[in-house]
Amino acid sequence: MSAPPTLEVFVHNRVGRKGVPARRSFEQWIRAALRGRRSGRAAIVVALLDEADARALNRQFRGRDYATNVLSFPHETIDGRRTRLLGDLALCPEVIAREAREQRKPLRDHFAHLTVHGTLHLVGYDHERLRDAERMEAIERSVLADLGIPDPYA
């Protein structure tokens with residue numbers, strides 16, 4: 001296993017702070033998701049968006065016309081060189097709060113799960129095929145268990 005990355009998290013908050021975890025929480029969750037998957041210096045931008053902006057991004061980049069909970073945008077350089085910037089996570093606190101209520105989950109746990117999920121996308125995991133989805137969900141369960149958070153898929 002590689003050493004955990006030196007991590008920088010930049011939180012851009014375009015919505016109210018009510019119910020939104022502190023920057024150090026995002027750092028903890030991202031660091032846990034990267035443990036053993038990335039070493040060296042890493043930087044991630046976390047953007048907290050309102051529903052209109054989350055919907056616009058989802059429509060533009062995924063062709064889906066609704067606000068979603070998390071979108072991941074891995075950083076790609078023009079010349080293919082490796083950089084410390086892993087990418088951007090766009091989280092929509094309004095959607096996350098609504099889902100947490102509907103699923104009867106603690107809001108903080110749902111934020112943690114979606115942050116871990118989005119971070120795994122930044123380092124190359126996806127869930128387009130069943131086998132890949134099972135693998136990614138198993139990693140999410142393990143990371144969250146290490147953080148004391150129950151299985152989000154149970």
Side-chain angles (χ1 to χ4, degrees), residues 1-15 17 19-49 54 57-58 61-62 64 67-100 102-154:
M1 290 231 168
S2 55
T6 303
L7 183 64
E8 293 179 55
V9 175
F10 305 96
V11 177
H12 296 283
N13 191 6
R14 295 182 56 187
V15 296
R17 291 294 306 167
V20 174
R23 180 176 166 267
R24 68 182 171 278
S25 296
F26 289 107
E27 289 174 351
Q28 177 189 18
W29 303 329
I30 291 167
R31 200 177 299 284
L34 295 176
R35 195 170 295 122
R37 289 166 196 73
R38 169 100 179 161
S39 62
R41 293 174 54 91
I44 292 178
V45 174
V46 176
L48 302 170
L49 307 176
L57 282 178
N58 202 24
F61 291 99
R62 296 179 65 224
R64 298 181 180 168
T68 189
N69 49 25
V70 63
L71 291 167
S72 300
F73 299 95
H75 178 70
E76 296 178 18
T77 60
I78 294 171
D79 59 6
R81 291 184 192 180
R82 192 168 179 175
T83 176
R84 67 185 188 93
L85 180 60
L86 292 180
D88 300 342
L89 293 180
L91 293 154
C92 182
E94 294 168 84
V95 172
I96 294 169
R98 184 170 50 250
E99 290 175 347
E102 291 169 356
Q103 297 170 22
R104 293 183 168 85
K105 295 178 181 177
L107 179 58
R108 184 174 172 76
D109 289 0
H110 199 42
F111 260 106
H113 174 220
L114 294 171
T115 302
V116 167
H117 180 89
T119 302
L120 291 175
H121 278 306
L122 293 180
V123 293
Y125 291 92
D126 71 51
H127 45 78
E128 296 301 314
R129 297 186 325 227
L130 178 60
R131 182 174 6 134
D132 295 332
E134 290 171 345
R135 180 176 179 220
M136 188 170 174
E137 288 173 12
I139 294 167
E140 291 170 28
R141 285 182 180 104
S142 175
V143 169
L144 293 169
D146 288 347
L147 292 166
I149 298 171
D151 181 352
Y153 298 105

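Counting heavy atoms from C-beta outward, R141 and E137 have side chains that approach closer than 4.5 Å. Using a 4.5 Å heavy-atom cutoff, the side chains of Y125 and I139 are in contact.
Between the OG atom in S142 and the CG atom in L147 there is a gap of 9.5 Å [rounded to 0.5 Å]. Of the inter-residue distances, the one linking L48 atom CG with E94 atom CD reads 11.0 Å to the nearest 0.5 angstrom. Here F26 contributes atom CZ and L89 contributes atom CG; the two are 9.0 Å apart, rounded to the nearest 0.5 Å. With values rounded to the nearest 0.5 angstrom, L114 atom CG is found 11.0 Å from L71 atom CG. For the atom pair CD1 (I30) and CD1 (I44), the distance works out to 4.5 Å, reported to the nearest 0.5 Å. T68 contributes atom OG1, which lies 11.0 Å from atom CG of L49 (distance to the nearest 0.5 angstrom).
Across all non-hydrogen atoms, the minimal contact from A33 to V143 is N-CG1, 3.9 Å. Of all heavy-atom pairs spanning P150 and D109, the tightest one is CD-OD2, 3.6 Å. When every heavy atom of A54 is checked against every heavy atom of C92, the shortest pair comes out as CB-CB, 3.8 Å. Scanning all heavy atoms of the two residues, the minimum distance from F111 to G19 falls at CE1-O, 3.6 Å. M136 approaches L120 most closely through the heavy-atom pair CE-CB, 3.9 Å.
Side chain of T119 to backbone of T115: a donor-acceptor contact under 3.5 angstrom is found.
When the shell of 6.0 Å around CD of E76 is examined, it contains 12 or fewer heavy atoms from other residues, nucleotides or ligands.
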For this session: Would you please test I96 and L107 for side-chain contact (heavy atoms from CB on, under 4.5 Å) and show each step?
Result: CA-CA 7 Å; I96 294 169; L107 179 58; 3.9 Å; yes
For this session: Could you give me the CA-CA distance, side-chain angles and deciding distance for L86 and L34, then say whether side-chain contact (heavy atoms from CB on, under 4.5 Å) is met?
Result: CA-CA 11 Å; L86 292 180; L34 295 176; 3.9 Å; yes
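Evaluation of the side-chain hydrogen bond (donor to acceptor under 3.5 Å, both in side chains) rule for S25 yields R108 as partners, not counting sequence neighbours. The ring-ring contact (aromatic ring centres under 6.0 Å, His included) test applied to H117 returns H121, H127, not counting sequence neighbours. Remark: E102 engages no residue in a side-chain hydrogen bond (donor to acceptor under 3.5 Å, both in side chains) (not counting sequence neighbours).
Screening K105, E99, E140 for a side-chain hydrogen bond (donor to acceptor under 3.5 Å, both in side chains) involving H113 leaves a single residue, E140.
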